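Here the structure comes first, spelled out in structure tokens, and everything after it is commentary.
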Amino acid sequence: MSATFETAPATHPGPQAAAELADASRRLYRRGWLEGTSGNLSVRTSPDRILITASGRDKGELTPADTVAVDAASGLPVRDDGPRPSAETSIHLAVYRRFPRCAAVVHAHSPYATALASREAGRGRSTVRFDDFELIKGLGRTDGRLVVPVLTNWPEVPRIAADAEDWFAGDPRHAGPVLLIAYHGATAWGTDLRQARNHLECLEELSRLTLLLDR
Ligand SMILES: CSC[C@@H](O)[C@@H](O)C(=O)COP(=O)(O)O
Ligand SMILES: [Zn+2]
């Protein structure tokens, strides 16, 4: 079954998509956010196709050959002779399904966001609230308040994706284009790869500031 949207979903088409994914991956790796093959990135290349990083690849050396086209509804590879798509494809698909204007998703194991999410989960919280910081505007919020879900890192990834869908369905106030997974990492999305990366940077920096202030 394919996703249905009121208007055509945003896409990031073109022959450059694989090269742009590889470039974005190497950039995030250089920041120390994709250690030990962690992290995954994707773009929506057409309404029913996602191009996503292959599973288990060194994200610091990613090339266009390390990407896989998958069906946007099922997450299954379009060709059966290519590499295996990211183990976390289902989380990307949940974001694309919910946000038609999103055309890129990045997931990283950035240290401050991961540490903050883990600390909050350890305190029994399922959200992190960021107040006051100017940087909140970078995540599209002009009211000075951002609430980010802290999802449980279930061993079955589709269960994390299902929890993300539940959060989206709640249409929470003060939400932004980001989510956290406790003891795991952060996911951000945007209209293109650059914006998705910017959103991830904002979340990582907000997390760093929050930990610095011991809030
Ligand atoms: C280095 S283990 C990290 C993985 O379990 C996972 O969390 C991750 O981010 C990368 O998975 P991948 O299947 O390579 O996209
Ligand atoms: Zn991960």
Side-chain angles (χ1 to χ4, degrees), residues 20-43 52-62 66-67 86-92 94-95 99 102 104-123 125-131 133-141 146-154 157 160-161 163-164 167 175-215:
E20 287 172 32
L21 271 183
D23 177 64
S25 174
R26 293 192 304 262
R27 283 170 187 266
L28 293 175
Y29 179 84
R30 286 198 294 271
R31 301 206 64 161
W33 296 356
L34 304 178
E35 305 293 59
T37 78
S38 65
N40 29 74
L41 300 85
S42 70
V43 289
I52 192 162
T53 48
S55 187
R57 301 295 160 98
D58 184 329
K59 305 306 187 308
E61 296 180 356
L62 210 81
D66 300 314
T67 62
S86 166
E88 292 167 351
T89 299
S90 55
I91 300 173
H92 292 239
V95 174
F99 300 105
C102 163
V105 178
V106 296
H107 163 69
H109 292 197
S110 50
Y112 290 101
T114 307
L116 181 63
S118 308
R119 187 189 74 174
E120 297 305 295
R123 292 175 175 176
R125 297 185 185 142
S126 59
T127 57
V128 178
R129 183 176 143 165
F130 298 97
D131 289 306
F133 291 113
E134 178 69 15
L135 205 52
I136 290 170
K137 290 182 187 162
L139 288 161
R141 298 232 59 95
L146 170 72
V147 178
V148 180
V150 179
L151 306 180
T152 301
N153 189 32
W154 301 114
V157 178
I160 305 175
D163 284 355
W167 163 264
V178 285
L179 62 82
L180 292 162
I181 309 171
Y183 305 101
H184 183 159
T187 297
W189 52 94
T191 52
D192 58 22
L193 270 173
R194 181 178 293 256
Q195 192 189 60
R197 279 198 296 113
N198 283 339
H199 288 159
L200 183 66
E201 284 183 5
C202 289
L203 178 61
E204 179 68 1
E205 184 61 10
L206 283 168
S207 301
R208 190 167 79 99
L209 292 166
T210 300
L211 289 168
L212 275 173
L213 291 175
D214 200 21
R215 278 194 174 180

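One-based numbering along the sequence shown. Predicted model, so just to flag it, every value in this text is computed and none were measured. We use all heavy atoms of the structure for the numbers below, so side chains are in, but hydrogens, waters and symmetry mates are not.
Residues L28 and L41 are in side-chain contact: their nearest non-hydrogen atoms beyond the backbone lie under 4.5 Å apart. Looking at heavy atoms from C-beta onward, T210 lies in side-chain contact with F133 at the 4.5 angstrom threshold. Counting only heavy atoms from C-beta outward, the side chains of H184 and E88 approach each other to under 4.5 Å. K59 has its side chain within reach of L62: a pair of non-hydrogen atoms, C-beta onward, lies under 4.5 Å apart. Counting only heavy atoms from C-beta outward, the side chains of W154 and D163 approach each other to under 4.5 Å. The side-chain heavy atoms of N40 and H92, taken from C-beta on, include a pair separated by under 4.5 Å. Here the side chains of V148 and L139 are not in contact, with every heavy-atom distance at 4.5 Å or above. Considering only heavy atoms from C-beta on, F130 comes within 4.5 Å of L203 through its side chain.
Annotation: the span from L34 atom CG to R27 atom CZ amounts to 13.0 Å, rounded to 0.5 Å. How far OG1 of T114 is from CG of L180: 8.0 Å, rounded to the nearest 0.5 Å. Here OG1 of T37 is found 10.5 Å from CD of E35. Values are rounded to the nearest 0.5 Å. Taking OG1 of T127 as the reference point, atom CG of L179 lies at 13.0 Å (rounded to 0.5 Å). Rounding to the nearest 0.5 Å gives a distance of 9.0 Å between OG1 of T53 and CG of D66.
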Dump the intermediate steps for side-chain contact (heavy atoms from CB on, under 4.5 Å) on R197 and W33, then the final yes or no.
CA-CA 11 Å; R197 279 198 296 113; W33 296 356; over 6 Å; no

Given D58 and Y29, is the side-chain contact (heavy atoms from CB on, under 4.5 Å) satisfied, shown in steps?
CA-CA 9 Å; D58 184 329; Y29 179 84; 4.2 Å; yes

So D23 and R26, side-chain contact (heavy atoms from CB on, under 4.5 Å) or not? Walk me through it.
CA-CA 5 Å; D23 177 64; R26 293 192 304 262; 4.0 Å; yes

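Between E204 and R31 there is no salt bridge, since none of the side-chain N atoms of the basic residue sits less than 4.0 Å from a carboxylate O of the acidic one. With salt bridges taken as basic N to acidic carboxylate O contacts below 4.0 Å, one links D214 and R119.
Other residues, nucleotides and ligands place no more than 12 heavy atoms under 6.0 Å from the CZ atom of R194.
A donor-acceptor pair is defined here as one N or O able to donate and one able to accept, closer than 3.5 Å; such a pair exists between the side chain of R141 and the backbone of A175. Of the possible donor and acceptor atoms, none in the side chain of S25 sits under 3.5 Å from a partner among the backbone N and O of L21.
Contact between L193 and S42 at its shortest, heavy atoms only, is CD2-O, 4.2 Å.
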